[in-house]
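Whatever order the structure lists ligands and atoms in, that order sets their numbers, starting from 1. In this text the structure is predicted, and so the values were computed from the model without any measurement. FYI, the numbering just counts along the sequence from 1.
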Amino acid sequence: MKQTFIIILSLVLFACNRPTDKTQVLQNRIDSLESKLANTYKPGFGEFMSSIQSHHSKLWFAGQNKNWKLADFEIHEIMEAIEAIQKYETERKESKSIGMINPALDSVNIAIQQKDIVLFKRSYSLLTSTCNNCHRANDFEFNIVKIPETQSFSNQDFKVDKAK
Ligand code: HEC
């Protein structure tokens with residue numbers, strides 16, 4: 001009797017340990033989802049930076065034209081791109097120092113909210129040198145950003161009254 005019980009018990013345990021067809025199906029799905037995830041497109045660090053470069057330029061002309069609504073939009077686009085770098089570029093060591101830009105971004109943001117052109121110019125200049133400080137800290141010192149001289153987006157109007 002005892003023997004039979006042990007045999008039945010070992011059979012039950014054996015059956016439990018064996019992957020059933022169902023778990024195999026689930027495992028296959030997990031494998032296929034993992035491989036899909038690994039091959040999903042995500043923008044590279046340089047692509048985020050190119051987008052930041054455009055917003056950095058547009059921000060300047062928006063501020064110069066006292067188009068505060070547009071300036072507010074542009075500064076938030078830069079902030080979002082910085083957040084996206086922190087979220088999606090975790091494997092790049094440079095992402096660790098991206099936070100150094102935040103105080104300068106906050107300062108430009110305050111100038112925009114206060115519609116203060118003098119503070120805007122000063123904090124924009126600080127922002128631009130912080131971009132370069134981070135490039136230097138990450139051996140990208142050859143990538144120099146500066147305050148733009150001419151507006152390179154001829155298909156966009158930065159003046160306030162025309163935006164109405
Ligand atoms: C982590 C600190 C960091 C900060 C802060 C930073 N950058 Fe960069 N930037 C990089 C790195 C790293 C690269 C090189 C990316 C790559 O590998 O393609 C780069 C590249 C660039 C490029 C070259 C893109 C190209 O393909 O030509 C531009 C332009 C640029 N940054 C503009 C800016 C501007 C404008 C700011 C400030 C608003 C800024 N960056 C702030 C790290 C930073």
Side-chain angles (χ1 to χ4, degrees), residues 25-164:
V25 168
L26 283 174
Q27 188 58 50
N28 290 347
R29 285 191 68 186
I30 291 171
D31 291 348
S32 119
L33 283 172
E34 274 180 347
S35 119
K36 267 195 194 142
L37 201 63
N39 292 310
T40 309
Y41 173 78
K42 73 174 170 120
F45 208 111
E47 284 167 271
F48 281 121
M49 279 295 151
S50 295
S51 143
I52 289 175
Q53 177 180 23
S54 310
H55 296 300
H56 175 262
S57 174
K58 292 180 179 192
L59 174 64
W60 175 251
F61 293 103
Q64 288 306 94
N65 286 286
K66 299 197 175 110
N67 189 342
W68 300 117
K69 268 193 184 170
L70 180 61
D72 179 68
F73 174 80
E74 300 298 348
I75 192 81
H76 285 96
E77 289 295 305
I78 300 179
M79 287 169 167
E80 274 173 28
I82 297 291
E83 281 168 21
I85 289 176
Q86 279 166 330
K87 187 171 170 189
Y88 297 111
E89 301 295 329
T90 44
E91 73 284 5
R92 287 281 298 255
K93 64 174 174 41
E94 295 91 341
S95 302
K96 290 196 182 79
S97 45
I98 197 84
M100 72 159 76
I101 200 83
N102 289 333
L105 285 171
D106 289 343
S107 169
V108 177
N109 193 27
I110 290 169
I112 295 168
Q113 305 316 319
Q114 295 181 353
K115 303 184 176 164
D116 182 338
I117 188 71
V118 178
L119 184 62
F120 177 83
K121 284 184 187 169
R122 207 185 311 136
S123 38
Y124 188 93
S125 179
L126 171 73
L127 174 69
T128 309
S129 40
T130 315
C131 303
N132 289 322
N133 285 345
C134 197
H135 290 170
R136 270 197 295 273
N138 289 292
D139 301 322
F140 281 98
E141 73 292 338
F142 54 87
N143 223 317
I144 303 164
V145 187
K146 64 187 186 79
I147 296 180
E149 285 152 23
T150 49
Q151 204 277 89
S152 37
F153 296 92
S154 63
N155 57 350
Q156 189 169 356
D157 204 325
F158 289 82
K159 293 191 190 69
V160 186
D161 19 345
K162 290 205 180 150
K164 277 179 191 161

Parallel, tilted or perpendicular, as decided by the 30° and 60° cut-offs, for the rings of Y124 and W60: tilted
Shortest protein contact, atom 36 (C) of ligand 1 (heavy atom only): C131 SG, 2.7 Å
From C134, G46, A81 - option closest to atom 3 (C) of ligand 1 by heavy atom: C134
Y88, OH: over 12 other non-hydrogen atoms inside 6.0 angstrom: no
For Q53, the ligand 1 atoms whose distance to one of its heavy atoms is below 4.0 Å: 29 (C)
Nearest protein heavy atom with distance in Å, relative to atom 28 (C) of ligand 1: N143 OD1, 3.9 Å
Atom 17 (O) of ligand 1: nearest protein contact (heavy atom, Å): R92 NH2, 2.9 Å
Protein contact of atom 26 (O) of ligand 1 - nearest heavy atom, named by residue and atom, plus distance: S50 OG, 3.7 Å
Enumerated ligand 1 atoms positioned under 4.0 Å from heavy atoms of N138: 1 (C), 2 (C)
Shortest protein contact, atom 11 (C) of ligand 1 (heavy atom only): F45 CE2, 3.6 Å
CD/E91: more than 12 non-hydrogen atoms of other groups inside 6.0 Å: yes
Enumerated ligand 1 atoms positioned under 4.0 Å from heavy atoms of E94: 1 (C), 12 (C)
Expected output: side-chain S51 to main-chain E47 donor-acceptor under 3.5 Å: no
Minimum side-chain heavy-atom gap I101-C134 below 4.5 Å: no
Side chain to side chain, H56 and L127, heavy atoms closer than 4.5 Å: yes
Atom NZ of K42: over 12 foreign heavy atoms under 6.0 Å: yes
Nearest protein heavy atom with distance in Å, relative to atom 6 (C) of ligand 1: M49 CE, 3.4 Å
Heavy-atom nearest neighbour in the protein, as seen from atom 42 (C) of ligand 1, with distance rounded to 0.1 Å: H135 CD2, 3.5 Å
